[in-house]
Q: 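Before we start, here is the structure in question, set down as C-alpha cells.
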Amino acid sequence: MSKKKKNIILENIKLLSAGAKGVAVGKTDEGKTVLVSGAVPGDLVNARVKKAKSKYYEAEAVEILEKSPYRVEPKCVHFGVCGGCKWQNLSYQKQLDFKQEEVYNNIKRIGGIEDFETLPILGSAEEYFYRNKMEFSFSNARWLTQYEISSEENFGNRDALGFHIPGMWSKILDLQECYLQESPSNDLRLAVKKYAVEHNLDFYDVRNQEGFLRTLMLRQNSKGEWMVLFQLYREEKENRENLFNFVLEKFPQVKTLVYAINPKGNDSIYDLDIQNYYGEGFLMEELDGLQFKIGPKSFFQTNYKQALELYRKTIEFAEISENDVVYDLYTGTGTIAQYIAKKAKYVIGIESVQEAINAAIEHAKLNGLENCEFHCGDMKDVFTEEFLANHPKADVLVTDPPRDGMHQKVVEQILKLSPPKIVYVSCNSATQARDLALMKEHYNVVKILPVDMFPQTHHVENIALLVKK
C-alpha cells in the first residue's frame, strides 16, 4: 500500500455489529465494509485505513465521535495495551449477543444450513477471574509506552514480568494487575518480581537469549490449591532455591512447585524435563465426581466452571443410553470421554498427542472406568476404514477438533461410519460450519448452543447436534 493510502481517514463511520476477532463492523457511504479495531459496535468513529481490500477496509479508530450505548468502563489499567481482554469496554450482555449472532451467521452462511434451532447462548457465571492457568514472561527490557518514549526520561531498571505485547514478541508489558485469575495470582506475581529485583536476579533478554528468569506459570484447582512452574534459562542453584523457598513461605496455597531449565529459542514446555522442587508435581481436580490429575504439561480447560457446563450440555445433546457405543474424536486427556463412559456401554477415544492419551488412560483407571479405550495418532491416519473394521459400530460420535476443524479425510470417514447422531463441539464456528457443509447431505443440523468460555474476549464455543437423515 502506498503512503498516500496509509493516510486515508474514513469519517463518520457508524459501527453496527461485531466481526471476526472482535473487530467492529460498519460501512462507508458507498456501501463498502469497514472492519475497525479499537472501537465497539454502536460507536460513531473516524478511522484510519490500515489495509484496503477490494471488498472491505481494515482500519483503526482514531477518534470516537459518539460513544456506543453498549460501552462500559474497563476495569483493568492495562486495557487497550495488553490485548488480552479486547471487549472489556463492552457490556457483557452485548458480548453474548454478538457471539450468538456470529455463530448463527457462520452456520447459516458458511455452512449453508437452514432450519436449525439456535438455543440462547450459555453465558459464564464468572465474568472475571475465571482462568485457572496463566503464563507470564520475564524481560530485562519492558515495553515503554509512546508517552514514556517521548518524555525522554531515563527509566533505569526496565525489568518486567507480564504479557507479550501483541505482534511484538520481544516486548513485555510489566503487569500491575490482571482480572483473569483469582487471588493470589496478582500478589504472587508481583511478589516474585519484587524479590527478583531486590536480589539482582537476571531477567531474560529475549533478543540476546541470556539471563536467568524466563517464564512463570500459575495454575490452580477448584479447591484453591496452586501449582507454580518456573522456566529458567540457566541453572543458578542458590538463587533458584532461595527464590523458590521465598514463594513457598509467603504463599501457603502453593501445593507444588516445579521448574525447568530451558536454553531453547522458544518457551514451549512440552519437550522440557520438568523438575519437581516441592509437593507432588501435580494437582487433582474433581468434576462431577470424576478425578483428573493436572500436571505442568496437562491440557485442561482454563475455565473449568464453564467447561463443566459445556460437558454437561454435550452429554445432554448426545442423549446417550447404556447400550450405546460412542466415538470421541480429538479426545485430548479424555475428559468428555469419561463423562460419556459413566452413561454409555463403551467409549473409543482418539487423540494425536501421546502425553494426552497417557493422561486419558491414567484418568480412566483413576476413576474405575473399564469401558473405554484410547488410541494415539493423527486423526486422518488412525481413523481409517481398517480402524472402523476392527471396532464396533458407533451409535453416537462426539468430535471436538482444534481451531482448524477436521481434516476432509476425517469427515469422509465419519460419513462412512455413519453414526445415527453426531455432537460437534467447536472453538471456531467458522471451521465448524465448513465441516457441517460437507455433511449436510447426510445429516440434519437439529440445534446449536453457543457457549461462552472466555468473557471479555471475542472467543466463543459452539455445540451442534447432527442427526442422520
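Predicted model only: the values in this text are computed from it and were never measured. Residue numbers count from 1 along this sequence.
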Q: Please check: side-chain N/O of Asn140 versus main-chain N/O of Asp159, any donor-acceptor pairing under 3.5 Å?
A: no

Q: Count the heavy atoms belonging to other residues, nucleotides or ligands that lie under 6.0 Å from NZ of Lys223, then report whether that count exceeds 12.
A: yes

Q: Please determine whether a side-chain nitrogen of the Lys or Arg among Asp288 and Lys342 lies less than 4.0 Å from a carboxylate oxygen of the Asp or Glu.
A: no

Q: So does Glu238 have more than 12 non-hydrogen atoms from other groups sitting under 6.0 Å from CD?
A: no

Q: Do the side chain of Asn132 and the main chain of Gln301 share a donor and acceptor less than 3.5 angstrom apart?
A: yes

Q: If you look at every heavy atom in Thr331 and Ala337, which pair is closest and at what distance?
A: OG1-CB, 3.7 Å

Q: Quick one: does Gln100's side chain get under 4.5 Å of Thr118's, heavy atoms only?
A: yes

Q: What's the shortest heavy-atom distance between Thr457 and Gly84, and which atoms?
A: CG2-O, 3.5 Å

Q: Could you tell me whether Lys343 atom NZ has more than 12 heavy atoms of other residues or ligands within 6.0 Å of it?
A: no

Q: Can you confirm whether more than 12 heavy atoms, excluding those of Arg312, are under 6.0 Å from its CZ atom?
A: yes

Q: Using the side-chain contact (heavy atoms from CB on, under 4.5 Å) rule, take Val460 and Phe98 through it: C-alpha gap first, then chi angles, then the decisive distance, then the call.
A: CA-CA 10 Å; Val460 60; Phe98 288 127; over 6 Å; no

Q: Is a side-chain N or O of Gln306 found less than 3.5 angstrom from the main chain of Gly123, in a donor-acceptor match?
A: yes

Q: Asn262 side chain to Asn266 main-chain N or O, any donor-acceptor pair under 3.5 Å?
A: yes

Q: Between Asp97 and Gln93, is any side-chain donor less than 3.5 angstrom from a side-chain acceptor?
A: yes

Q: For Tyr92 and Asp452, does a side-chain donor sit closer than 3.5 Å to a side-chain acceptor?
A: yes

Q: Give, for atom CD of Gln88 and atom NE2 of His78, the distance between the pair rounded to the nearest 0.5 Å.
A: 11.0 Å

Q: Compare every heavy atom of Ser429 with every heavy atom of Ile107, then report the nearest pair and how far apart it is.
A: CD1-O, 4.2 Å

Q: Take Lys53 and Glu58, measure what salt bridge (Lys or Arg N to Asp or Glu O under 4.0 Å) needs, and give me the verdict at the end.
A: CA-CA 8 Å; Lys53 306 283 187 176; Glu58 291 182 17; 5.2 Å; no

Q: Side chains of Phe299 and Val353: does their closest heavy-atom pair fall under 4.5 Å?
A: no

Q: Please confirm whether Lys313 makes a cation-pi placement over Phe317, using NZ or CZ under 6.0 Å from the six-membered ring centre and within 45° of the ring normal.
A: no

Q: Say whether, by atom type as modelled, one donor and one acceptor occur between the side chain of Glu285 and the main chain of Ser222 under 3.5 angstrom.
A: yes

Q: Atom OH in Tyr57, atom NZ in Lys51: separation rounded to 0.5 Å?
A: 15.5 Å

Q: Is it the case that atom OH in Tyr70 sees more than 12 heavy atoms from other parts of the structure closer than 6.0 Å?
A: no

Q: Under a 4.5 Å cut-off applied to non-hydrogen side-chain atoms, are Ile165 and Val81 in contact?
A: yes

Q: Ignoring hydrogens and geometry, is there a side-chain-to-backbone donor-acceptor pair from Arg219 to Trp226 under 3.5 Å?
A: no

Q: Any chance CD of Glu249 has more than 12 other-residue heavy atoms, nucleotides or ligands included, within less than 6.0 Å?
A: no

Q: Between atom SG of Cys427 and atom NE2 of His459, what is the distance when rounded to the nearest 0.5 Å?
A: 9.0 Å

Q: Among residues at least two apart in sequence or on other chains, which ones pass side chain to side chain contact (heavy atoms under 4.5 Å, CB included) with Asn367?
A: Leu290, Gln291, Gln338, His363, Leu369

Q: Under 4.0 Å between a Lys/Arg side-chain N and an Asp/Glu carboxylate O for Lys293 and Glu362?
A: yes

Q: Evaluate the ring planes of Tyr259 and Tyr277, with Trp represented by its six-membered ring, and classify them as parallel (under 30°), tilted (30 to 60°) or perpendicular (over 60°).
A: perpendicular

Q: Salt bridge (charged side-chain N to carboxylate O under 4.0 Å, His left out) with Asp43: which of Lys14, Arg71, Lys67?
A: Arg71

Q: Out of curiosity, Glu351 CD to Asp378 CG, how far, rounded to the nearest 0.5 Å?
A: 10.0 Å

Q: Hey, what do you get for CE (Met453) to OG1 (Thr302), rounding to the nearest 0.5 Å?
A: 6.5 Å

Q: Over all heavy atoms of both residues, which pair between Asn221 and Tyr304 is shortest? Give the atoms and the distance, please.
A: O-OH, 3.6 Å

Q: Just verifying a value: how many Å separate Leu465 CG and Glu316 CD, rounded to the nearest 0.5 Å?
A: 10.5 Å

Q: Tell me, please, whether Tyr130 has Lys305 positioned over its six-membered ring: NZ or CZ under 6.0 Å from the ring centre and within 45 degrees of its axis?
A: no

Q: Within a reach of under 6.0 Å around NZ of Lys94, are more than 12 heavy atoms found that belong to other residues, nucleotides or ligands?
A: yes

Q: Is there a salt bridge (Lys or Arg N to Asp or Glu O under 4.0 Å) between Lys237 and Glu235? Walk through the geometry before answering.
A: CA-CA 6 Å; Lys237 187 173 186 294; Glu235 173 66 291; over 6 Å; no

Q: What class does the angle between the rings of Phe138 and Phe203 fall in, given that below 30° is parallel, 30 to 60° is tilted and above 60° is perpendicular?
A: perpendicular

Q: Mind telling me whether Tyr204 and Tyr233 have parallel, tilted or perpendicular rings, with 30° and 60° as the class edges?
A: tilted

Q: Find out whether Tyr179 and Gln456 are in side-chain contact, i.e. whether some heavy atom of one side chain is under 4.5 Å from a heavy atom of the other.
A: no

Q: Under a 3.5 Å distance rule, please check whether Lys264 uses its side chain to pair with a backbone N or O of Ile269 as donor and acceptor.
A: no

Q: Begin from the C-alpha positions of His164 and Ile172 and carry the test side-chain contact (heavy atoms from CB on, under 4.5 Å) through to its verdict.
A: CA-CA 5 Å; His164 291 272; Ile172 301 296; 3.2 Å; yes

Q: Can any side-chain N or O of Ser298 pair as donor or acceptor with the backbone N or O of Phe300 at less than 3.5 Å?
A: no

Q: Taking C-beta and beyond as the side chain, do Arg214 and Leu232 meet within less than 4.5 Å on heavy atoms?
A: no

Q: List the steps, then state whether side-chain contact (heavy atoms from CB on, under 4.5 Å) holds for Leu161 with Arg189.
A: CA-CA 8 Å; Leu161 176 56; Arg189 185 192 65 256; 3.5 Å; yes

Q: Under the side-chain contact (heavy atoms from CB on, under 4.5 Å) criterion, do Ser185 and Phe136 qualify, and how do the steps go?
A: CA-CA 11 Å; Ser185 177; Phe136 310 100; 4.2 Å; yes

Q: Evaluate the side-chain proximity of Lys133 to Met217: yes if any heavy-atom separation is below 4.5 Å, no if none is.
A: yes

Q: Under the side chain to side chain contact (heavy atoms under 4.5 Å, CB included) test against Val197, which residue among Lys193, Lys194, His199 passes?
A: Lys193

Q: Identify the two heavy atoms, one from Met406 and one from Tyr424, that lie closest to each other, and give their separation to 0.1 Å.
A: CE-CE1, 3.6 Å

Q: Does any part of the side chain of Val25, heavy atoms only, come nearer than 4.5 Å to the side chain of Tyr56, both counted from C-beta?
A: no

Q: Looking only at atom types and distance, does a side-chain atom of Asn428 sit under 3.5 Å from a main-chain N or O of Pro402, one as donor and one as acceptor?
A: no

Q: Under 3.5 Å, side chain of Asn208 to main-chain N/O of Glu210, donor-acceptor pair present?
A: no

Q: Check whether any side-chain heavy atom of Phe282 lies under 4.5 Å from a side-chain heavy atom of Thr256, and answer yes or no.
A: no

Q: Could you tell me if Gln432 and Asn462 have a donor-acceptor pair between their side chains, going purely by distance under 3.5 Å?
A: yes

